[in-house]
Amino acid sequence: MRVKRRIWATAAVATTAVAGVLVFEGVTGTSDVPDGIGATSGPVRTEVHHDALKVSADGANASLRRDSTEPFSMLGVTWTDPSAEVNGTVEARTRSVPTGDWSAWLPIDTEVDGRTEAGRPGVRGTTEPRWVGPSDGVEVRVSAGKGTTAGLPAGLRLDTVDPGKVSGSAAEPAAYAVDAPDEPPADPTDTPPAPEDTPSAEPSEPGAGETTGPAAEEPGPSATADPPASTEPTDGASPSAPAGSPSPTTGPTTTLPPALPSTAPKPPIVTRAGWGADESLNDEAPDYMATVKAVFVHHTAQTNAYSCADSAAIVRGLHAYHVQSNGWKDLGYNFLVDRCGTVFEGRKGGADRAVQGAHTYGFNRETAGIAVIGMYTDEAAATAATTAVARVAAWKLGQYGFSPSGTTTLTAGADGTNYTGKKFTAGTAYSFGRISGHRDGFNTQCPGTRLYTQLPVIRTYADGPVAGLTVKSVTGAALSGAKYYTKADITVGWSATTPAVFVTRYELLVDGKPVVSTAGSASSAKATLAVGTHTVQVRATHRSGKTSLSAAATVVADRTAPVFSTKPALSLRTGTVNTTAVPLTLRWKASDAVLLRDVRLTAPVARTYGPTVTSASHTAKSGVATSWRTTAYDLAGNSAAASVAGTPVILQESAAKKTGTWTTKSSSSYLGGASYASGTKNASLTWTFTGRSAAWVVSRASTSGQAYVYVDGVKAATVDLKSSATAYRQAVWTKSWPASAKHTVKIVVVGTKGRPTLTTDGLVYLK
């Protein structure tokens, strides 16, 4: 038989309790609300549908197919006996409302212990609920698995949940009501990331209560009335009073326990009113504990393929499923976190009170449960989610004077086994991390292998010190080897793996002393250094008060410019001569008191030379005065400029004074189209000029002879023009002087035996 229950959830924050239970008021605020989220308005209708599964004759399989259903977005399979288990597999596929397509078969987690709130009327064994998004068709199949002798549990049914939408809106609420955080709203580090359409976590398993057998959850330290009669309706029944209507008070009420201050700031938390909880579903008083010694981290909803805009609907679906499908008195978790980092209040009683939840079988007492919405078996949780978990854990544990690191002892409320096979005996104390995973206290994969491996990071986030603190850059300085060099102010940039929300401040230290203090959201700071060598570090202070220090960077402040110990100078060099490209050598020598970086030629061409380079080959146009401008830079950025100018001049062979016999030769390969050739011994050519460098230009071949070169009347060289390959316009001999002056260059034919002839193209000098 198909049963449909319709629930109306309102945004009311005041709930009147039945006899002997307390009246409490939820606290709402408006600060640090994620973008696009505001307070709910009007009732939120939630519908839960129950459909019995058809079991095969051998009892090993069960199934159900509905090609048309009422809309739903979450589903799960339940059965009558909460202590029974499905040892095989549960799978479902659904038809999407937006696309009309059927999904692939989706596995449904069966690691929930149905004894979580055993002893309550209507408590059932259940799978995890799975969020599937808006759907209107479903098929489910259950198998006992090979080798299973127990068969399937009795009373199998499919439960589908429509979490409803905010009244007057086609989508989720425009905003949530939130508990105001402890920090000022203006602090940008306390604003959670805006919801976005990306996947996140997996279903967290509601843990079990503290006792086995007929008893319900262990009572908290405060007195509560006997549980009311079951609110489970008969088939086809609907609530006798509208949702949100106050129940009659037939006895005295108790006051809320105090909300204790914490050593850690309170994060923004979406209240139950904010996500549209239907308080008429669970009108029993919360159970309060004296302390919270540890938190257990879970995952839930079995998929990361959800939009954070759907997070409130997922929480409403979990609430309805836990209460109406599982038969629990409320949501099992104390807090839920979506992948965008938004925190939702779970089990009622006050987020800032020690409310006993139902999340980790045997260890619900003195603990709180935080469930990350999503599946983290194969995928890591987003930083926004792990940051939110760490913030909640630090705040909640800090209310009772505990740091999030280290261990504590918890007394088992029931016999059990954890994921690694460790056995627990009721009444015995066991050691747990202050932040533990569900699998540490119960035999489950929850919170998923990837999220479980992130718990050490979450602990460090929550308790400090700031991790991964590194100086990333020193802007305004040049790095050479292991040192930075600067001539002015520097900007030091840093990074840390711990999110900024956990950092109170950063300090920039110079030689061990703080010179700048910044907010925890900062990632850089400026400083002015005195001349000399300094160590620069960054110190971070975690909200816990713990400090961490980056490795030191060495920064040298230098404000002295380099010097040209040898000013730039030009000289002619050997090579091929053209009227547009006379080969030159530019020489210089620069140095710096600290460390020279480079020398840059800026005109007539741009070149950069390393600190050890002292010369470079260039060319220049003949007959054109050219200025060669250079600048030397040190590592700090100080600079010094120097320049030199020169004009190459080509003197044709016809400009020389001749002795002996010379023959004129014509060819386009010669400078000016002509040259002189002579094989007469002692024939000579003499050029007179005023300049600082000279180069003799010739043609060369295998038959070319030799010449003597005289400078200012003194023999300077014997030059052999023989070459295996013919070459024209070759500067084969050069001579330079410190300054420009009048000089004569004379060439004399040697008359070499067998190859006496030489051909000359003239002389080039630099003025």
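Nothing fancy with the numbering, it's 1 onward along the sequence.
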* Worked verdict on Ser311 versus Thr342 for side-chain contact (heavy atoms from CB on, under 4.5 Å) -> CA-CA 9 Å; Ser311 298; Thr342 303; 6.0 Å; no

Find the distance between [atom1] ([X]) and [atom2] ([Y]) and round it off to the nearest 0.5 Å.
X: Thr631; Y: Leu601; atom1: OG1; atom2: CG; result: 9.0 Å
X: Leu572; Y: Ser736; atom1: CG; atom2: OG; result: 6.0 Å
X: Thr377; Y: Gln302; atom1: OG1; atom2: CD; result: 9.0 Å
X: Leu596; Y: Ser480; atom1: CG; atom2: OG; result: 11.0 Å
X: Arg607; Y: Asp598; atom1: CZ; atom2: CG; result: 14.5 Å
X: Ser405; Y: Arg459; atom1: OG; atom2: CZ; result: 9.5 Å

What about the rings of [X] and [Y], do their centers lie closer together than 6.0 Å?
X: Tyr452; Y: Tyr419; answer: no
X: Trp494; Y: Tyr506; answer: yes
X: His438; Y: His359; answer: no
X: Phe344; Y: Phe335; answer: no

Heavy-atom side-chain contact between [X] and [Y] under 4.5 Å:
X: Gln537; Y: Ser550; answer: yes
X: Pro562; Y: Asn638; answer: yes
X: Val582; Y: Lys621; answer: no
X: Pro568; Y: Trp628; answer: no
X: Arg539; Y: Leu469; answer: no
X: Val536; Y: Leu508; answer: yes
X: Val292; Y: Thr367; answer: no
X: Val492; Y: Val471; answer: yes

* Hey, mind stepping through Val501 and Tyr461 against side-chain contact (heavy atoms from CB on, under 4.5 Å) and telling me if it holds? -> CA-CA 9 Å; Val501 72; Tyr461 283 178; over 6 Å; no

If I compare all heavy atoms of [X] with all of [Y], which pair ends up nearest, and what's the gap?
X: Ser262; Y: Ala394; answer: OG-O, 3.9 Å
X: Ile269; Y: Trp395; answer: CD1-CZ3, 3.7 Å
X: Ala642; Y: Phe564; answer: CB-CD1, 3.6 Å
X: Ala294; Y: Gly433; answer: CB-O, 3.9 Å
X: Arg353; Y: Pro258; answer: NE-C, 4.2 Å
X: Val599; Y: Trp588; answer: CG2-NE1, 3.7 Å

Counting N and O atoms only, with roles assigned by atom type, does the side chain of [X] sit under 3.5 Å from a partner on the main chain of [Y], one being a donor and the other an acceptor?
X: Ser436; Y: Phe432; value: no
X: Asp310; Y: Ala313; value: no
X: Asn418; Y: Asp440; value: yes
X: Asp352; Y: Leu260; value: no
X: Thr602; Y: Arg629; value: yes
X: Thr498; Y: Ala467; value: yes
X: Arg559; Y: Lys487; value: yes
X: Thr271; Y: Gly274; value: yes
X: Asp463; Y: Thr460; value: no
X: Thr486; Y: Gly476; value: yes

* **Pair Phe402-Lys293, side-chain contact (heavy atoms from CB on, under 4.5 Å): steps then yes or no** => CA-CA 7 Å; Phe402 302 123; Lys293 296 167 62 176; 3.8 Å; yes

* Lys/Arg-Asp/Glu bridge criterion (N-O < 4.0 Å) met for Arg272, Glu345 ->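 Judged by the 4.0 Å cut-off on N to carboxylate O distance, Arg272 and Glu345 do not form a salt bridge.
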
* To do: Determine, for Asp592 against Arg597, whether the closest basic-nitrogen to carboxylate-oxygen distance falls under 4.0 angstrom.
  =>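 A salt bridge is absent here (no side-chain N lies under 4.0 Å from a carboxylate O).
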
* To do: Before giving the answer on side-chain contact (heavy atoms from CB on, under 4.5 Å), spell out for Leu451 and Val297 the whole-Å C-alpha distance, their side-chain angles and the decisive distance to 0.1 Å.
  => CA-CA 9 Å; Leu451 180 53; Val297 179; 4.0 Å; yes

* Checking side-chain hydrogen bond (donor to acceptor under 3.5 Å, both in side chains) for the pair Thr408/Arg434: CA distance, chi angles, key distance, verdict? -> CA-CA 6 Å; Thr408 186; Arg434 294 286 185 186; 3.3 Å; yes

Distance only, no hydrogens: is a donor on one side chain within 3.5 Å (strictly under) of an acceptor on the other, for [X] and [Y]?
X: Asp489; Y: Thr528; answer: yes
X: Arg587; Y: Ser571; answer: yes
X: Thr491; Y: Thr475; answer: no

* Asked: Taking the six-membered ring of Tyr633, is the NZ or CZ of Arg600 close enough (under 6.0 Å from the centre) and on axis enough (within 45°)?
  -> yes

* Assess whether atom NZ of Lys483 is packed by more than 12 heavy atoms of other residues, nucleotides or ligands within 6.0 Å. =>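 12 or below, so no.
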
* Asked: Relative to each other, are the rings of Phe363 and Tyr430 parallel, tilted or perpendicular (30° and 60° limits)?
  -> perpendicular

